[in-house]
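Bear in mind that the values here come from a model prediction, so they are computed numbers and not experimental data. Values reported hereafter were calculated over all heavy atoms of this structure, with side chains retained and with hydrogens, waters and symmetry mates removed. Naming convention: chains lettered A, B, ... in sequence-line order (proteins, then strands); numbering from 1 in each chain.
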2 protein chains.
Amino acid sequence: MPVAKGSTIDPARTRAAILEAATAVLYERGLDGVGVAELCSRIGVSKETLYRHFGTKEGLVEAMLRQRSERVVQWLAAAAVAAGDDPRDQLAAVFDALQQWYDDPVFRGCAMLNAAAQHHVETVRAITARHLDRYLELLTGIAERAGASAPQVLGRQLLMLVEGATVVAAHHGGAGAGEHARHAALTLLSAAS
Amino acid sequence: MPVAKGSTIDPARTRAAILEAATAVLYERGLDGVGVAELCSRIGVSKETLYRHFGTKEGLVEAMLRQRSERVVQWLAAAAVAAGDDPRDQLAAVFDALQQWYDDPVFRGCAMLNAAAQHHVETVRAITARHLDRYLELLTGIAERAGASAPQVLGRQLLMLVEGATVVAAHHGGAGAGEHARHAALTLLSAAS
DNA sequence: CTCGGATCGTACCGATCGGTTCGACCTTGG
DNA sequence: CCAAGGTCGAACCGATCGGTACGATCCGAG
């Protein structure tokens, strides 16, 4: 495992651990809801270490959002792939996966949207837009494979359902949100092919 | 106009003016993106006046969110009513109204959702939940009048489309978002009746 | 064993935060 | 005309913010 080159104690692992722990705290409490001092004590690291790895609180936030977007998208894509070859099954699997997320007690909505709602720094907004791009790519692919007449449009409509279901689950109760959205999505898919 | 009872200079108007001006600034920059001092100088009022009327920055935020929720919901409801008696026309009118909103250069997403994403104070989250309740009421009413077999479910699916379209418009470009959402909504309505 | 770099804990920095206070206006009801 | 109360502007408060500095410690490569 050629992780560390000229270092001690493996800084790469430290960085990864900070990222992991900080993600949980900042997602639960909000990006501006916890200061760097408290954040460091919660994740068990000194401020100097955190700043050496990420330079800035903003830097930490951006690294965290990028990692999280990557994971979420790949998780949904994997759920679709695991559902088999039928595009309808793939679409249903995406919403079933979302429902699992909504049922998680720590679920507090989409971290990228939450971040973009407060920090309108350009970088954060760009990460959020890229996140939606990835979602759209996944959904448009399903629409294409299902033979939709206008897969770009259908993909965007499905994206709205995904994001809308997440918003409703976060702020209006998540029970059944994934199922209702899945049913709507399959209806749109049927009507478009 | 019996606005002021035992006062001078009409404090009610002052309060309304503060609310109006603060809404614009806080919506554009974010609730935590502008301090009370700058906020006061931007809206042309002294800190003492602001604090006498609202007690707290939180109090101002809550009053502002309540007013905004009221206005938005009534605006959409009015658009639906103006569309005539056909529930399909009413539903289409809601999404047309949303598209107008998305086209506004100052559009930055749903203020209630943005607020709830940062301040997870209970009061703010309750205002947001109430806001979604009102939306749901409007949409479920349309679903009922259209003779949908499960108007509660359809209403919730339409709510997801409304919120999803708003999210997509805010973070991924608003062009055509209302139209695409409207088409999806009408498809769902057709399939459910 | 020794030396370098990663880490820690703490103290510290200037800036800004939300909120209070006060003296000086100014407007208006009586 | 006078007293009462809304408003202003600026000074002020303690707390907290993001970020830096430094000496002590600890670990692993040579």
Side-chain angles (χ1 to χ4, degrees), chain A residues 1-23 25-26 29-65 115 118-124, chain B residues 1-23 25-26 29-65 115 118-124:
Chain A
M1 48 182 72
V3 175
K5 285 171 292 194
S7 65
T8 64
I9 262 189
D10 203 343
R13 288 226 192 271
T14 303
R15 185 189 153 101
I18 293 176
L19 216 45
E20 205 73 25
T23 296
V25 177
L26 292 177
R29 304 262 307 272
L31 300 185
D32 291 340
V34 47
V36 175
E38 183 188 352
L39 180 63
C40 285
S41 83
R42 288 225 175 204
I43 69 187
V45 89
S46 69
K47 293 177 74 172
E48 179 170 356
T49 300
L50 186 146
Y51 277 105
R52 179 155 28 79
H53 279 290
F54 298 98
T56 280
K57 190 183 185 183
E58 263 285 314
L60 169 65
V61 166
E62 292 168 14
M64 183 190 95
L65 292 176
Q118 34 199 312
H119 273 273
H120 26 109
V121 184
E122 193 52 42
T123 313
V124 171
Chain B
M1 48 182 72
V3 175
K5 285 171 291 194
S7 65
T8 62
I9 264 189
D10 203 344
R13 289 226 192 270
T14 303
R15 185 189 152 101
I18 293 176
L19 217 44
E20 204 72 26
T23 296
V25 177
L26 292 177
R29 303 261 307 269
L31 299 185
D32 291 340
V34 47
V36 175
E38 183 188 352
L39 179 63
C40 284
S41 83
R42 287 226 176 205
I43 70 186
V45 90
S46 69
K47 290 177 77 173
E48 179 169 0
T49 299
L50 186 145
Y51 277 105
R52 179 155 29 79
H53 279 291
F54 298 98
T56 280
K57 188 183 185 183
E58 264 285 314
L60 169 65
V61 166
E62 291 168 15
M64 181 189 97
L65 292 176
Q118 36 199 310
H119 273 273
H120 27 106
V121 184
E122 193 51 41
T123 313
V124 171

**Complete:** Under the rule of Watson-Crick or G-U wobble with both distances under 3.5 Å, where | means paired to another strand and [ ] a crossing pair, DNA chain C maps to ||||||||||||||||||||||||||||||
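- Distance, Arg52(B) CZ to dC8(D) P: 9 Å, rounded to whole Å.
- In this structure, Val121(B) and Glu58(B) approach most closely via the heavy-atom pair CG2-OE2, 3.7 Å.
- Under the salt bridge (charged side-chain N to carboxylate O under 4.0 Å, His left out) rule, Glu38(A) has a single partner from Lys57(A), Lys47(A), Arg29(A), which is Arg29(A).
- In this structure, Gly59(A) reaches neither bases nor backbone, as no heavy-atom distance under 4.0 Å exists between it and the strands shown.
- Between Thr14(A) and dT7(C) there is a side-chain N or O to OP1 or OP2 distance below 4.0 Å.
- Looking at Thr14(A) and Arg52(A), their side chains never come closer than 4.5 Å, going by heavy atoms from C-beta outward.
- Between Glu62(A) and Phe54(A), the closest side-chain pair of non-hydrogen atoms is not below 4.5 Å.
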**Asked** Would Leu39(B) and Leu60(B) count as a side-chain contact (heavy atoms from CB on, under 4.5 Å) if you check the C-alpha gap in whole Å, the side-chain angles of each, and the deciding distance to 0.1 Å?
**Response** CA-CA 11 Å; Leu39(B) 179 63; Leu60(B) 169 65; 3.7 Å; yes
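- Counting only heavy atoms from C-beta outward, the side chains of Glu20(B) and Ile43(B) never approach each other to under 4.5 Å.
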Extract from the structure each pairing of a protein N or O with an N or O of nucleotides 15-25 of chain D at less than 3.5 Å, listing the distance.
{"unit_1": "dG18(D)", "atom_1": "OP1", "unit_2": "Lys57(A)", "atom_2": "NZ", "d": "2.6"}
{"unit_1": "dG18(D)", "atom_1": "OP2", "unit_2": "Val36(A)", "atom_2": "N", "d": "2.7"}
{"unit_1": "dG19(D)", "atom_1": "OP2", "unit_2": "Tyr51(A)", "atom_2": "OH", "d": "3.1"}
{"unit_1": "dG19(D)", "atom_1": "OP2", "unit_2": "Lys57(A)", "atom_2": "N", "d": "2.8"}
{"unit_1": "dG19(D)", "atom_1": "N7", "unit_2": "Lys47(A)", "atom_2": "NZ", "d": "2.6"}
{"unit_1": "dG19(D)", "atom_1": "O6", "unit_2": "Lys47(A)", "atom_2": "NZ", "d": "2.3"}
{"unit_1": "dC22(D)", "atom_1": "N4", "unit_2": "Glu48(A)", "atom_2": "OE1", "d": "2.2"}

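- If you measure from atom CG of Leu39(A) to atom P of dC8(C), you get 13 Å, rounded to the nearest angstrom.
- Dashed line: the shortest gap from a side-chain N or O of Thr49(A) to OP1 or OP2 of dC8(C) is under 4.0 Å.
- Between dT7(D) and His53(B), a contact under 4.0 Å exists linking OP1 or OP2 to a side-chain N or O.
- Listed by chain and residue number, Thr49(A) satisfy the side-chain hydrogen bond (donor to acceptor under 3.5 Å, both in side chains) test with Ser46(A) (two or more places apart in sequence, or in another chain).
- Between Arg13(A) atom CZ and dG5(C) atom P there is a gap of 22 Å when expressed in whole angstrom units.
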